[in-house]
Each structure stands twice: as C-alpha cells, then as structure tokens.
There are 2 protein chains.
Amino acid sequence: MTRSRQPTSRDVAALAGVSVATVSYVMNGRTDRRIPAETRDRVLEAAGRLAYAPNRSARSLRNRRTEQVCLVVGSIGVPAYDQLAQDIHDRADDAGYGVLTIVVNSPARAAKAVELLQQRIADGAVIAPDIRFLDGAELTGLARGGLPMVVMSNTAPPDGFDVVRAPQTPACDAAFDHLFATGRRRVAFVGHRYEVDDPSTSERLTAYLAALGRHDAEPDPSLVVTGADDRVAAYHAVTALLDRPDPPDAVFAASARAGVSAIWAARDAGADVPGELAVVGAGNLPESLITRPALSTVGPATEDDFTEVARLLFDRIDAGVPERGRELSDPWAFHPRGSS
Amino acid sequence: MTRSRQPTSRDVAALAGVSVATVSYVMNGRTDRRIPAETRDRVLEAAGRLAYAPNRSARSLRNRRTEQVCLVVGSIGVPAYDQLAQDIHDRADDAGYGVLTIVVNSPARAAKAVELLQQRIADGAVIAPDIRFLDGAELTGLARGGLPMVVMSNTAPPDGFDVVRAPQTPACDAAFDHLFATGRRRVAFVGHRYEVDDPSTSERLTAYLAALGRHDAEPDPSLVVTGADDRVAAYHAVTALLDRPDPPDAVFAASARAGVSAIWAARDAGADVPGELAVVGAGNLPESLITRPALSTVGPATEDDFTEVARLLFDRIDAGVPERGRELSDPWAFHPRGSS
DNA sequence: CTGTTAGCGCTTTCAG
DNA sequence: CTGAAAGCGCTAACAG
C-alpha cells in the first residue's frame, strides 16, 4: 500500500550525513553559500534516492509566497480565455511561477474562490471579464487584504487593483447604426442567458435597446432571445426566428460562435445572408473569416492578446498593492465584413 | 500602500480576548468542543473586523492535506474537457474540495506539473487523456510517492493509480469498414499535429493505416494531413484536399470540430456530402446533430459523462494509493449519421 | 469550557 | 564551510 510518509529534508540530511540547512541550501541552488561540490553531490544523490520533493505548503508558509498566480475565469471552453490562459502561462513560466485556474460559474464558487484567494493560495490573481458573481467591493476587499490583482472589467473602479477594460458600447452603437442605415428594421438580439435575464448587466443589450430608440424602431420583446451561450442553442434560436411569420431582417449575436451559427442557420433555412438576413457577432473568433459570407463582428480592435494583462499582474506582484490601480483600455471596434 | 501584514489567528485571539486554540475551534466550527455562543460570537466578530482568513499554507502543513484536487489537462477550449472539468468541480464541491487546473501543453510544463504534484499541491489528481508529455513511469512514480490519482489513458497500466480507458480502435475500424464497404477508395485523414507527426501515438491513425491494408487501398501519404487541432485549420485542410485534381471521396477527421469544418468546407466547395465526400468525425459534440447532413462520428457510446472519473478520484483519496489500481473501460462506438 | 504548548517541513539568521 | 535553533500560522493533545 501507500508508502508510510513523504520524505522530508530531515530524511535527506540524515542519509547524506549533513544538516537540514545544508539540504535546503543545496536544493535551492544558493550560490551565496559556497557548498563544496562533494557535499552538494552527496545531498543531491540522497534526495534523488528518496525521491524527495520539498513540501510546498511548508515552503510557502516559511517564504510567505506561494509562487503561484491564480487565473479566475467564468467558464472554460470560451475561445478568448484560451488565449488569456496561454498568455498568463507564458509569462508565469518566465517568472518561475505556476498558474492555478479556478472556474467560477456560480455564486457559491465565487465565494469559494474569494476565500481561497484570501487564504493566500496564490501571490496574485487575474480576474477574467465574465465573472458576474464577483462585485467590485469584494475585489477591493481582497486587494485591501494585500492581494495583487488585475481585474478585467468594464465597470469596476481600479480600487486597490489594476483594471483593464474593453468598452463595447461604441462598437455596438456603430454596428447597430450600420444595420439601421442599411435599411434593417427588425433586428433580433441573440444573447447570453444572463444578459437576457437582466439587460442592465450587458453593454450589448443596452446598446441594442438604445439603438432601437435612436432609430425609431418598435421594440419587439420576442426578438430578444437567448442562445449565445452555445453553438447549438444559437443555431436553434436563429432557425426559430427565421421560421416565424414575421422573421427578423438582422441578427445581432452576443458571441462570435453564435454569429457563426446564425449564418449556418440562415443558409440551412435558405435565407440569403446578408440579403435577407444581416448577421453581426460579438468577439474575436478566427472562424469569422471562413464563413460564407465572412461574419461581421464587434470585438477587440486587434487579435486577442493578453500579454499586457500578464505583464501588469507580475508588475503588480513586484510592486505590491496600490491605493489606486492603473487603468488600461482597449475599446472594441466594429469590423464590417460580408454578413451585414 | 499595502496593509502591513495579514491578520493571523493570534491577532483575532488578542482582539477577542481568547486563546488561539479557541479561535481555531470556532473557525472550524467544531461541534465536539462546546464553545458558549457568547465566546463564539466574540471570536467571529473579531475575525470579521480583521477580515481574517486562516492561512492555507499553514493549515495544509499542519493538517497534511490541502483539500484541493488537481485536474491536469493538455489544453483548454476542448469541448470534452469542459465536461470533465464540470463533473470534477461538482464532485469536489460536494466533498468540500477545491479544484486546481493545470494546463500541460509542453514537456516543460509537464515537468513542472509533476513537480507541483510531488510537492503535494493537491491531495489527488486527475490526469486527462490528452497529456502526451507524461508517461506511465512518471505517473507511477508520483503514485508511489503517495499521490492518489486517476489517469485517463488507453495505454498506461494501472500501476499505483486507477485508470479509465476509452478504447477507440474498434469504433474506428467499424467506421473505416463502413467507408470502404460503401465504395470509398480515397479516404483522407485529417489529424492532430502530434499524431500526424508520430502515427504510432494515435489509435485513430493506426486504425486508418490498418484499414487501408485490410481493404487493399493504396496508401497515399498526401491524404494524411493536419488540421484537427482547430476549426479554421480543418476548414482550410479540407478545402485544399477538395481542390486537388484527385480529391478524396471521404474524410476521417480526428476531432468532431474538424468534422464539422469538413462539412462546411465541402458545402462551400460545392461538393455534396455524402454523395461526393463522406465525412466522419471523432468525439462527441452536440453540433454533430445540427450540421447538414448530420455528422457521423466515432466517439463515446453515450454523452460525455465523467462523474465516474470524479467518483473514482475521491474514492481513491479516501482509500489511499493502491498497489494495483482499478481499471474502467468505456469503449468508443461508431455513430453513423447522414454524412457517411 | 479554555489555554498552553508541541510540532507540521521548511528557510535563515547566527555561531562555530 | 556547516549546524543549531527559531519561527512562519495553524491544529490538537493535554492540562487546568
């Protein structure tokens, strides 16, 4: 069965015939301590034979650092976060840090994540933009507790942490104006469940409603549907919309994946895009360029790139928690392509 | 700037006028210790005022448990792992555990992950199936070091850990036999980069090559291409294949996403599916049912469900590391649909 | 019912 | 150049 106990530095020291201090020096490769090669080798050999690995909890407790950063995301399998994770990982590797990812997709898990962060499971954290279960106050609380953070949010003030913003409203305004300017009157909105449930939480839906007013279009609540959360739901939502006696002449999809599905739904229904149905998606998805026609989107001005977020995090870890944080902004743009 | 120091149980004890032991008892809600409500409230109030959170490293060191499990995956943004992560999270929540996700997509990160696991960053781990950078020996080493694990692998023997298998070969054989039986002679293989680089690592590609032999089909190396790693690459790969003077009459895509892209590419190229091109994908993706025609696949017999994996992990954590682990198997099946 | 105290395994002064 | 010893923050015997 299981080996009785993990080997400790004491075991290694005993086997190598040195003290635990020497083991520590050798294991950490400290150059300020001049350890003779012979001693060093003896220690390393003993460590190897015992398969010794310094206990992380003990080390963190003593050093008062975990050498881990935490990436808090709202879901996985969302394209933009893959890139975010990638960029954080790359930077962390350089800094000798590990990356722990915590998925927060319910209030309970949000509470748990805050607790873990407060308990110093990591030396710093990135809070991804789709966390709806954490408000600014909680984050400020964490920051005041001494945790370096960068928060991706369009609303939270940089109170104790850095914030990077990606304002969506101007781009959405441009997209809706474009749709109305080109004669669309019945614009449907295919949103995420959370935003349709509570429009005030969504820049996109807010922009949609404002555009309706601005262009004297009659709001039709039945044109606001969910489906942006996944491809299949979006396909069905748009199919149903097109199947109505009074179908929309444009669809704004709150994700790029939903936009792609919308184009496919239209094609399968025999509706010409953009002739009979204009489609706009939200987000940056390489697939937007291979649909027929190419999908118009609102999204980041350039390709997804979060290296700046990663840089900010490690700067923040080095510098400590600020009174007021830095604020970066990278507004979305409207990228008209073939579908609108 | 940053608050001088995190509050400790000593600080709380001082403020509440009790000892650290009492603080510990109260914070852990221990019912075997009968603490009067008045004392309890005083402690809780002091803790609240100081925003005290017990330090996780100290607690783990003392308890010899981290109350975390680690999910080691090869990449994120892959549909099946979203479900895996979901199921692990659900089970962990029930058990009061946290979930740390580590992404291993290079040999260096594999080494780092092993190191962290060895250092007892978690009380148990699930190793997802697409980790090509960890071999059975390393995993057995970890297990012998006392780490409860469940490994999703079709090859690693259950040596010190439980293993869950999803054998693909019979389903692939059936799919290829079906393609050849229905008259396909030029079957292309759109694979992941790693498998095309080293066919011996892939059940799918091995099955493909065997089927070629079994059906006296001339192997054409130019029909084996990469692209299964992402939708856009797959689209381009299939478009290029169809653009050849001697296009294939069938495509086996090593992922379901690639299979979906293949159907799109064919439609955009004006090639009838399945008339001119049969398409089979690998994996279980709900989208398979909404393509036109529906995508035939090889994949799990039923919907993705990893609750059993999660159960196994927590059983293993309770029971300790075994000499020889349990072995579960859930073979893939061929699901013929419209596209083949 | 509550406090004192001995570690968990590690790093690091400080002496030798 | 190496070792003894203190202590990171917490929990749990054990004593009062």
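Here is the naming used below: chain letters follow the sequence lines, and residue numbers restart at 1 for every chain. As the structure is a prediction and not an experimental result, all values here were calculated from the model.
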Side-chain N or O of B:Arg62 less than 4.0 angstrom from OP1 or OP2 on C:dA6? no

Base, sugar-phosphate, or nothing: which does [X] touch, judged by heavy atoms less than 4.0 Å apart?
X       : result
A:Thr39 : sugar-phosphate
A:Thr8  : sugar-phosphate
B:Ser57 : nothing

Roughly how bent is the helix from C:dC1-D:dG16 to C:dG16-D:dC1 end to end, in steps of 10 degrees, with each end axis from five pairs? 50°

Pair A:Asp162 + A:Arg326, salt bridge at N-O below 4.0 Å: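 Answer for the salt bridge query: no.
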
Are the charged groups of B:Arg311 and B:Asp315 less than 4.0 angstrom apart, N to O?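 A salt bridge links B:Arg311 with B:Asp315.
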
Does any pair with a residue in residues 42-95 of chain B pass ring-ring contact (aromatic ring centres under 6.0 Å, His included), and if so which ones, sequence neighbours excluded?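 Counting only pairs at least two positions apart or across chains, no ring-ring contact (aromatic ring centres under 6.0 Å, His included) contact touches residues 42-95 of chain B.
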
Do any pairs count as a ring-ring contact (aromatic ring centres under 6.0 Å, His included) and have a residue in residues 94-136 of chain B, sequence neighbours left out, and if so which ones?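 For residues 94-136 of chain B, and leaving out neighbouring residues, the ring-ring contact (aromatic ring centres under 6.0 Å, His included) pairs sorted by first residue read B:Tyr97-B:Phe314.
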
For nucleotides 14-16 of chain C, list the nitrogen or oxygen atoms of the protein found under 3.5 Å from its nitrogen or oxygen atoms, one pair per line.
unit_1, atom_1, unit_2, atom_2, d
C:dC14, N4, A:Arg33, NH2, 2.9

For A:Arg59 and for B:Ala58, locate the closest nucleotide of DNA chain C by heavy-atom distance; then report the residue assigned to the nucleotide nearer the 5' terminus. B:Ala58

I'd like a table of donor-acceptor pairs (distance under 3.5 Å, sequence neighbours excluded) in which one partner is a side-chain atom from residues 111-119 of chain B, with atom names and distances.
unit_1, atom_1, unit_2, atom_2, d
B:Lys112, NZ, A:Gly96, O, 3.4
B:Glu115, OE2, B:Gln119, NE2, 3.3
B:Gln119, OE1, A:Arg56, NH1, 2.5

Taking only residues at least two apart or on different chains, which pairs with a member in residues 95-111 of chain A satisfy salt bridge (charged side-chain N to carboxylate O under 4.0 Å, His left out)? A:Arg109-B:Asp90, A:Arg109-B:Asp93

